[in-house]
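Down below is the structure, laid out as structure tokens.
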Amino acid sequence: MLRRTIIRILIFCLTVWVAITVNFIIVRATPVDPIAGILGRMASKGQSVQGGAEIVAFYRDTFALDEPWPVQYFMYLRQLLSGNLGYSLAYFPATVGDVLLHAIPWSLGLLLTAVSIAFVVGNLLGALGSWRRAPLVLRGLIYLSMTISAVPFYLLALILLYLFAFMWPILPTGGSFTVGSTRDFSLATAIDFIRHAILPVGSIALGLVGFWALSMRGVMTTVLDEDYLMYGRVKGLRERTLFLHYGVRNAILPQVTALAIDMGQLISGQVLVEAIFNYPGVGTVLFNALRTSDYFVIQGVVLFIIVSVSLAMLVVDLVYPLIDPRITAGEAGR
Amino acid sequence: MRRRPATVPLIIGATFLGGVLLTVVAGHVLVSPDSTAMFSAVPNLPPDAAHPLGTQSQGRDMLAVMAAAIPATLFVSLLGGGVAVIIGTILGMTAGYFGGVVDGVIRTAVDVALTIPTLAVLILIGASFPVVSLSAMGFIIALTAWMGPARVVRAQVLTLREREFVRIAKLSGLGGFRIIALELLPNLIPFLSAIFVNAVVTATAATIGLEVLGLGPRQTITLGNTIFEALYYTAMWRGMWWWWAPPVIVLVCLFQGLFFIGKALDSIANPRALGATT
Amino acid sequence: MTALLEIRGLVVGYGDAPPVLGPIDLDMRAGELVGLVGESGGGKSTLSRAVLNDLPAGANILEGNIALNGVPLYPVQPQAWRAIRWKQIAYVPQAALNILNPVRRIGAQFGDMVADHYGVALAGEWMQKVIDVLTAVRLEPAVLRCYPHQLSGGMRQRVCIAMAMLFQPQLVVADEPTSALDVVSQRLVLQTLLELRDKFGTAILLVGHDLAVMAQVADRIGILFAGQLVEYGPARAIFKEPAHPYARRLLQAVPSIRVRSDLPEATFPSEADRQHWSDRSIPMRLVGPNHQARCETQ
Amino acid sequence: MMSTDLLAIEQAGKTFGSGRHARPAVVDMSLSFPSDGARLITIAGESGCGKTTLALMALGFLKPTTGEVLYKGIALPDLNRADFRRFRHKVQAVLQNPFETFNPFYGVSHPLHLALRQLGVAPRSREGKRLMEQALEKVRLDPGQVLERYPHQMSGGQLQRVSIARAMLFSPELIVADEPVSMIDASLRVLVLRHLVDLKVRDGINILYITHDLSTALQISDELLIAHRGRIVERGDPQEIVDNPQDDYTRLLVTSVPVPDPDQRWGQESVPTAS
């Protein structure tokens, strides 16, 4: 148990280190001086660079750009460890950290809501659909959700956006609040907030439901073939007991692992959905940074995504033994 | 008793993909390929007889754009998916068959790569080195899709390796690589075809994703670039549905087609995973 | 004396394909241990699953019936079956790693049975009963707190026997209960079954492939070949005076642990032999007291 | 002491894993096949006693952690290329599960073809056909029927006999038979074993028979070794061991084997204690 945890944490550290190093290499591997190059590119696009000189000076100092590579690498690691991701070029003097801090709660809320809805609905749908006496309507629903989930989130987002904000304009086209509204703790604010979240959450959840339903159904069909289910049935147990305690309880375990594995894909998809709805999360920050070549924000967001996905997977992996008695009890019993 | 459960999804999948290809044919028949050029037509025209899918703001004919974009996108997807499967298969087989340290290294690499959201890395690469050619895009995209094949192939090889027929082949004097090629590979063919389709799906999603963010090959017309431009020039807000809808619909059909074919191949490769309802 | 279990003209098949089993006529008395042997695909498992109303998907009873205490079990009334299951006919499965729910403690799995059949929680009197059956199979009550993978194969199999005996059914069907166990555990499991039979008067239908095991525990032995019951009689009569050619071959193929003897010449049964053994036109006839076989008169 | 045995396993031990997870599968097992005359040696024991690990070491598939396996007096890792090739050819095996011994992708003839190619004979040549027919006739299979089929079209008994025929192509000196009959119907087991005995008597091939079934071991072996938890606990003449077991575990094992006679039932007094 302890061994497994340590190995898992080591893999986490390795992942983060690889990500950070790749980041470092990519920046240095670009043929031009990163800072000058970026400022130059921005200037050529006609964007004003407030405090350009200060930024250059700051970077030369903190990242020791005049020193040889190993020193640069060391300085870079030290800055990162102290949480310093640099300045935003577009919003100077805001730091990348500030920009991220504003965006993270939005992204996290969006992700958690969508994933929880989809995980519960999808698994329930898949489990029920694999059970012997599932009604035809349910099976049709599963099939529908499965075909929908074959389409990436961002395309679903475009389609939903057109359907519910343009063709049939019942929902806002983007943002998180109506522009100019006062954000107080009133019911109207809450409704406004929810109305803005429906489409982004919906396009992610809709894309995920079929995915979970499909894989749950796959796992359930193997579970249904298991000896313990046959034995339970011969024992004359009720369908409900068999379904919940013998079927779903066993099938949900591999689903949780799958949740961890697909986290990376999930977040990649969310980035685009946020950008399409102009939702003020990390994805939109990234999208805007790409448009303005705000290089350090791009770098910061990418690092942040990698670290948080790794962290999420680490947590799932460490929590998993708690729900699978074969791992914990197995170790204790020996 | 033995029904081929794969037939129906295979037909549905082929129909969707057929529809996508038909668009290309229609484009070549109905409009000149030169109509993809800027201002070869009046901009912002809704669909009519001369421009069956209308024109966009830079005066390109949308049907001609689609006829050019679909092959370009398919090229990137197939190249990316194919390279990913080759890399994944080689790594998976090596890890699974030889085990030990080799396996440990490859498995850790796969685990680490799976943890890293690939789109994020692609964004970083795309932002640092502007991608110029479709082939370059294909190879970069392959970096996002090799882990799945490597995992699946490794797992398959691990179970096959313990099968007694491998021992018998060893007793007949076959060496490691010949055992992989002669005894293991033939049994993996159905798996590999299913894996390939899945890799193409992953590759397509990643390509389009990058392009929609504006990080695609700049000078080329692709489905993703078309969507990016439509969004950039606020086509939806201007009511120009003929600009953004065709690439979206073609992509939806492409993904549906690949989904159904992948499902059919999956059920051939792994009959146990078949749902009771199919 | 009426039989506990009567099987009359039972035919089982998949759709329109030729039947895989039957017609079978067989009866069991209360408290009796009947052994069914035969090669794989011979129909012994299909027969036991018909008794349990747990035929594999697609298989159906085409003709005949099974009666328990004179009451026909088919056609099946789902509600009535839940009442018969486990209270009257229980089951000891083949020892498989996954026969018990891997993510539920043994105690909870006993609890499921009590709750679903009697609608009460596992406590008080019921808890005492569970502890009693566990003691009867030589297990500590502590196993109730264990997960299945924490027990050895032999222990899991004894848990299954305890589960089968909890409601003191009249009949227990045991399908190859020891085929996955080593001989030491096999002996323990079989002797436990015998003790419980003596204690509760439960009849046991034991399905197996090992004639030597049957010699140790069975009162009567039925031999199945190609879906037919070819011989049925008291264990001693089967061993001393086998009548059917397949039964004779089967016996010849059982090596003894006592005396070393020469192995028979390696002649494999020909297609013609197999055709002849499964000839349905030959009726079952009495070849000795209580002993019948499907063979021509000598 | 110079050993010129055909195959000798000398105090071989095998431990899987390391450190806290170390699990010794085989401890100090020795046995040898002399170069003169053919013998059938049996290792009997329950699952997990180390018998299959030993078989894999004898075949050179596993390297012992301690001790060594010698072929004609030379430890396996020290064999030169030519000698190792000879060892590979002359020490053959029949494995446990006939349905897994054959690659489902190919026909039943595939392993026979592989063997012939290894011997430098084209499988489709007249010579190749003759060799295959000869080998199949030794196990009383009709070559015409067998060679055209796929594994799933045959019974376990038939497949196991094809496996024996495959081994025979190499004119082996030793065949390791790892539970060759445990997956075969009871009525056919003895017949397949009979073929093994014939190989010894008729063709002069040594047999290492690995089994959990003490009864068949008694019937066919010249020497019997009882394995328990990775160690050989008793060895000697089979009848002697069965009649008069010295070791406690052997005694428990012998008394637990069911006797096929309703008049010799287990006594209630000697129920083994829970394991």
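Chain letters run A, B, ... following the sequence lines, proteins first and then strands; every chain starts at 1.
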| query | In terms of heavy-atom contacts, does CZ of D:Arg265 have more than 12 from other residues, nucleotides or ligands at under 6.0 Å? | reply | yes
| said: I'd like to know if the side chain of D:Glu46 reaches the main chain of D:His228, judged simply by a donor and an acceptor atom lying under 3.5 Å from each other, with no hydrogens or angles considered. | reply: no
| Side chain, backbone, both or neither of D:Ser47 within contact of chain C (heavy atoms, under 4.5 Å) | neither
| Of the backbone (N, CA, C, O) and the side chain (C-beta and beyond), which part of D:Ser221 lies under 4.5 Å from a heavy atom of chain C, both, or neither? | backbone
| task | Identify which part of D:Val197 has an atom lying under 4.5 Å from any heavy atom of chain C, answering side chain, backbone, both or neither. | result | side chain
| said: Heavy-atom pairs under 4.5 Å with chain C: which of D:Arg161, D:His212, D:Gln264 has the most? | reply: D:Arg161
| message | Report which part of C:Leu251 has an atom under 4.5 Å of a heavy atom belonging to chain D: side chain, backbone, both, or neither. | response | neither
| field | Contacting region of D:Ile220 [heavy-atom separation from chain C under 4.5 Å] | value | both
| Test: C:Glu39 and C:Lys44 ion pair at under 4.0 Å | no
| query | What residue in C:Ala218, C:Ser256, C:Gly38, C:Pro234 has the most heavy-atom pairs under 4.5 Å with chain D? | reply | C:Ser256
| Got a sec: does the CD of D:Gln239 have more than 12 other heavy atoms crowding it under 6.0 Å? | yes
| Enclosure of D:Arg229 CZ (heavy-atom neighbours >12, cutoff 6.0 Å) | no
| task | Measure distances from D:Val242 to the heavy atoms of chain C and classify the residue's part below 4.5 Å as side chain, backbone, both or neither. | result | side chain
| said: What I'd like to find out is whether the side chain of C:Glu231 reaches to under 4.5 Å of the side chain of C:Arg294, using heavy atoms alone. | reply: no
| Backbone N/O of C:Ala272 and side chain of C:Gln275: donor-acceptor pair under 3.5 Å | no
| Relative to chain D, which segment of C:Arg236 carries a heavy atom at a distance below 4.5 Å: side chain, backbone, both, or neither? | both
